[in-house]
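A quick write-up on the structure given underneath.
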Amino acid sequence: MTLQDTLKSDLTIAMKNKDEDKKSALRIVIGEMARLDKKQFDDDEVIRVLKKLIKSEKELLEKSGQTGASPFIAVLEAYLPKPATDAEIRQWIAENIDFSAYKNAMQVMGPIMAHFGQRADGNQVKEILKAQQS
């Protein structure tokens, strides 16, 4: 079952359970995907849509001066994969990256991001690499 299928299934369940926060959030996600040219999305594409919506919601809350948890963000974040920890990233780098094969440490960003995919944030990886250079 793909993440897209899970979202659709969970929307049906949320409607039956009268869970307004979840129903509203999932309708927005599914609507966002419907505006794109495709009908079927792989999990990485769905995760990109989720992250984009979370980012725009956080910016909106920031601009309006609201603080605290947003039910919309909480619902969407539940569908994101567990982020990689700094320790996991450092361990993978130590086991798989030979820095002598690269002109500079930042060139290893490609293989690291390819391995971790949506689980790692580029800024997080940059900070780890900067710390290792020091």
Side-chain angles (χ1 to χ4, degrees):
M1 186 176 215
T2 67
L3 186 52
Q4 183 178 9
D5 295 333
T6 302
L7 292 172
K8 288 178 182 176
S9 170
D10 287 358
L11 174 59
T12 304
I13 294 167
M15 288 165 52
K16 286 178 184 172
N17 294 338
K18 297 184 180 9
D19 183 342
E20 293 301 318
D21 289 339
K22 194 168 195 171
K23 179 177 79 171
S24 172
L26 293 176
R27 280 187 170 162
I28 291 170
V29 174
I30 292 169
E32 184 71 21
M33 291 188 312
R35 288 194 287 151
L36 302 172
D37 291 338
K38 297 172 73 177
K39 294 292 176 223
Q40 278 303 118
F41 296 86
D42 65 31
D43 287 356
D44 280 345
E45 292 168 320
V46 175
I47 290 168
R48 272 192 287 281
V49 169
L50 291 170
K51 284 185 174 183
K52 178 182 146 205
L53 290 169
I54 290 169
K55 181 181 178 189
S56 64
E57 178 74 3
K58 284 181 179 178
E59 289 171 355
L60 233 151
L61 290 172
E62 206 173 278
K63 284 181 184 174
S64 67
Q66 293 178 336
T67 55
S70 156
F72 177 76
I73 292 173
V75 169
L76 299 191
E77 284 180 339
Y79 292 97
L80 295 177
K82 182 180 151 259
T85 64
D86 286 1
E88 284 179 275
I89 295 170
R90 281 192 192 91
Q91 181 180 351
W92 189 87
I93 290 170
E95 293 170 358
N96 298 285
I97 300 293
D98 175 13
F99 284 98
S100 66
Y102 297 90
K103 289 182 181 166
N104 69 52
M106 289 303 150
Q107 288 181 328
V108 302
M109 285 285 296
I112 296 168
M113 294 306 292
H115 174 76
F116 287 100
Q118 298 288 339
R119 291 186 55 224
D121 176 58
N123 292 328
Q124 174 189 23
V125 174
K126 275 185 199 170
E127 291 303 314
I128 291 169
L129 291 172
K130 284 179 185 175
Q132 285 188 338
Q133 286 178 322
S134 306

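The figures that follow rest on heavy atoms only: side chains count, while hydrogens, waters and symmetry mates do not.
Every residue was checked against the side chain to side chain donor-acceptor pair (under 3.5 Å) condition with Asn17, not counting sequence neighbours, and none meets it.
Between Trp92 and Phe116, the angle of the ring planes goes over 60°, which puts this pair in the perpendicular group of the 30/60° scheme.
The CG atom of Leu7 sits 11.0 Å away from the OG1 atom of Thr12 when rounded to the nearest 0.5 Å. Note that NZ of Lys51 and CG of Leu76 are 13.0 Å apart. Values are rounded to the nearest 0.5 Å. One finds the CD atom of Glu88 at 10.0 Å from the CD1 atom of Ile128 (value rounded to the nearest 0.5 Å). The CG atom of Leu129 sits 10.0 Å away from atom CZ of Arg90, with the distance rounded to the nearest 0.5 Å. Between atom CD1 of residue Ile54 and atom NZ of residue Lys52 there is a gap of 12.5 Å, rounded to the nearest 0.5 Å. Leu36 contributes atom CG, which lies 8.5 Å from atom CD of Glu45 (distance to the nearest 0.5 angstrom).
Shortest non-hydrogen contact noted between Asp44 and Gln118 is OD1-CG, 3.6 Å. Shortest non-hydrogen contact noted between Lys23 and Ala14 is N-CB, 3.9 Å. In terms of heavy-atom proximity, Ala120 sits nearest to Val125 at CB-CG2, 4.1 Å. Smallest separation of non-hydrogen atoms from Pro81 and Arg119: CB-CG, 4.1 Å. In terms of heavy atoms, Lys58 sits closest to Glu77 at NZ-OE2, 3.7 Å. Considering every non-hydrogen atom in both Leu50 and Val29, the closest pair reads CD2-CG2, 3.7 Å.
Here the side chains of Leu61 and Ser70 are in contact, with some heavy-atom distance below 4.5 Å. Two residues are said to be in side-chain contact when any heavy atoms from C-beta on lie closer than 4.5 Å; Ile97 and Pro111 meet this criterion. Side chains of Asp43 and Thr2 form a contact here, defined as non-hydrogen atoms less than 4.5 Å apart. Here the side chains of Val46 and Thr6 are not in contact, with every heavy-atom distance at 4.5 Å or above.
For Ser64 (side chain) and Leu60 (main-chain N/O), a donor-acceptor pair under 3.5 Å exists by modelled atom type. Under the 3.5 Å distance criterion, the side-chain polar atoms of Gln124 are matched with a main-chain donor or acceptor of Ala84. When atom types are taken as modelled, the side chain of Ser24 and the backbone of Asp21 share no donor-acceptor pair closer than 3.5 angstrom. The main-chain N or O of Ala101 is never found under 3.5 Å from a side-chain atom of Gln107 such that the two would form a donor-acceptor pair.
A continuous path of ILVMFWY side-chain contacts below 4.5 Å connects Leu11 to Ile47, so both sit in one hydrophobic cluster. Note on Ile13 and Met1: separate hydrophobic clusters, where clusters join Ile, Leu, Val, Met, Phe, Trp and Tyr whose side-chain heavy atoms are under 4.5 Å apart, directly or indirectly. Hydrophobic clustering of Ile, Leu, Val, Met, Phe, Trp and Tyr side chains at less than 4.5 Å, counting indirect connections, unites Leu3 with Ile28.
For the ring-ring contact (aromatic ring centres under 6.0 Å, His included) condition, no pair includes a residue of residues 35-80, sequence neighbours left out.
Around the NZ atom of Lys38, the shell of radius 6.0 Å holds more than 12 heavy atoms that belong to other residues, nucleotides or ligands.
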### Query
Given the rule in the side-chain contact (heavy atoms from CB on, under 4.5 Å) test, do Leu53 and Glu32 qualify, once you have shown the distances and angles that lead to the verdict?
CA-CA 9 Å; Leu53 290 169; Glu32 184 71 21; 4.2 Å; yes
### Met33 and Lys8: CA distance, side-chain angles, deciding distance, side-chain contact (heavy atoms from CB on, under 4.5 Å) verdict
CA-CA 11 Å; Met33 291 188 312; Lys8 288 178 182 176; 5.7 Å; no
